[in-house]
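Just so you know, ligand 1 is whichever comes first in the structure, and atom 1 is the first atom listed for that ligand.
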Amino acid sequence: MGYLKLWQLQRPCLDQYDVIFIDEAQDCTPAIMDIMLPQRCGKVLVGDPHQQIYLFRGAVNALHLVEHTHLFYLTQSFRFGSEIAYIGATILQVCKKVTNILVGGKQDGVIQGKAVDSLHPMTSGSSLGQGKLAVLSRCNVTVFDQAVRLTDANPRCRLHIVGGVDNFGLDRIMDIWVLMQPENSRSRGIRDQFIRRFTKESLGGYMGLKLYATKTEDRELEAKFTVVEKYNSRIPELVDRIYSCTEREAQHADFILGTVHKSKGLEFDTVIVTDDFAKVPCAAHDLPRISSYSGGDVQEDEWNLLYVAVTRAKNSLVITKNISNVLTLAGEYFLRTELTQALLTEGQPPVCSVRECQNHITTDWPLAMCKLPFKYIDSWDNGGPMCGACVLQRVGPTASLLAPPGSLQVLPVTLQRLELPINHALLMALF
Ligand SMILES: Nc1ncnc2c1ncn2[C@@H]1O[C@H](COP(=O)(O)OP(=O)(O)OP(=O)(O)O)[C@@H](O)[C@H]1O
């Protein structure tokens, strides 16, 4: 960054070029803008406003700021097929009220079905093929969690940390852990000069550094404190283990782990999204009320991060329960019809699979609607048959094709609390 600033101050003249291409123009730095705009040659700016994720460190959206002579929309992605494009477009539609922005290519893609096969390696720690499976997170803390989880399951698995393990901050995590130990049992030295200064009693030791991180709003440092306090006595073993399990080249790794900030511009065969992104409310029985949901008071950057995460997948995408809730808000319930007879157990109709609904499936009608089962990274939804009332709530009057209108008693609305992430404050701040 310093070199760029120096170059900017030298007022470079780039007359030897006919045209300058600026990629990721939605996240331009003011320095780049100042270098680029005075140039006399042609300028082509490429970017996606919905991938702007560096606003917090002063990035500017050149796509909106710079006057243009021509404007072209590149709405078709060649990276993925229509299924993954649908998830990305639905996130934009529900959370940012943006429509018709993303179209996929002709290739196949999966978001369930075979995609959930990718969850088995997550529990066993053994991959299906190297360099293919990426686990993308909102926060560095979750990246650390995933590394622990995978190496707990299989201490021999090979991990690639996007952006390089050296930039992941393991040394500083170790240093903070050493600082946390009583002075007389600090067997390891503290490598980082700045952290080492806090060993002085006058600077307050571990608590002094923690206070410094809070007061200066140093989110990266705060994230390291979270890791140290969460794993406590395991830190030395875990740091050593993650170092020894790391592959420098992604193509040699069983699992690729990283934050979305670091994975921007990259693509992976399969992407598993972790559940630490901004949340939408859960629909439950209150579907009409939240159909007008428009992102709440969540900053746009947060939705952009979720959008960038899902659009890194080329072939398979394993979504979270939260992304499934986004789809619900867009009216996608993953319902399929089944023969009612096939659902009976010893001739008896099953109870509706919707939580809190006690209705039975009506046997008077030949077809019943069933919600498809869904597996998420840390939970699952068994799905199952739905009663006429719950189908009516989801698909409207066409539900009367399944059951007599009189039997379609809609369940009372239950006001739902917005499901905020557990560590929301931390989540909003970390990257
Ligand atoms: N004209 C094309 N025909 C076929 N495949 C293409 C074409 N253009 C790009 N691709 C492929 O599509 C994928 C995405 O391309 P690329 O990385 O250039 O997109 P992008 O718009 O920069 O993506 P993002 O900004 O989301 O990172 C790559 O795998 C690339 O090889």
Problem - Test item: protein heavy atom less than 4.0 Å from atom 1 (N) of ligand 1 - result: yes

Problem - Closest to atom 17 (O) of ligand 1 among Gln76, Gln26, Gln107, Arg79 (heavy-atom distance) - result: Arg79

Problem - Near-ring test Phe374/Phe334, centroid separation under 6.0 angstrom - result: yes

Practice task
For Glu267, take its heavy atoms, then give the atoms of ligand 1 lying under 4.0 Å from any of them.
Solution key: 13 (C), 14 (C), 28 (C), 29 (O)

Handout entry: Test item: protein heavy atom less than 4.0 Å from atom 30 (C) of ligand 1
Key = no

Handout entry: Those atoms of ligand 1 less than 4.0 Å from some heavy atom in Gln51
Key = 24 (P), 25 (O), 26 (O)

Exercise for the section: Please answer whether the main-chain N or O of Asn232 pairs with a side-chain N or O of Trp177 as donor and acceptor at a distance below 3.5 Å. Expected result: yes

Problem - Short side-chain to backbone donor-acceptor contact, Lys371 and Ser353, under 3.5 Å - result: no

Handout entry: Side chain Asn61, main chain Asp27, donor-acceptor under 3.5 Å
Key = no

Exercise for the section: For ligand 1, indicate whether the residue Lys264 contacts it via side chain, backbone, both or neither (heavy-atom separation under 4.0 Å). Expected result: neither

Handout entry: Residue, atom name and distance, where the atom is the protein heavy atom closest to atom 10 (N) of ligand 1
Key = Phe78 CB, 3.4 Å

Fill in the blank from the handout: Short version for Lys314: what comes under 4.0 Å of ligand 1, heavy atoms counted, is neither

Problem - Side-chain donor-acceptor contact under 3.5 Å, Ser324 with Tyr376 - result: yes

Practice task
Answer yes or no: does an N/O atom from Glu24 fall short of 3.5 Å to an N/O atom of ligand 1?
Solution key: no

Problem - Sub-4.0 Å atoms of ligand 1 with respect to non-hydrogen atoms of Arg312 - result: 24 (P), 26 (O), 27 (O)

Exercise for the section: Measure the shortest side-chain to side-chain distance between Phe268 and Leu136 over non-hydrogen atoms and say whether it is less than 4.5 angstrom. Expected result: yes

Problem - Side-chain donor or acceptor of Lys279 paired with backbone N/O of Phe277 under 3.5 Å - result: yes

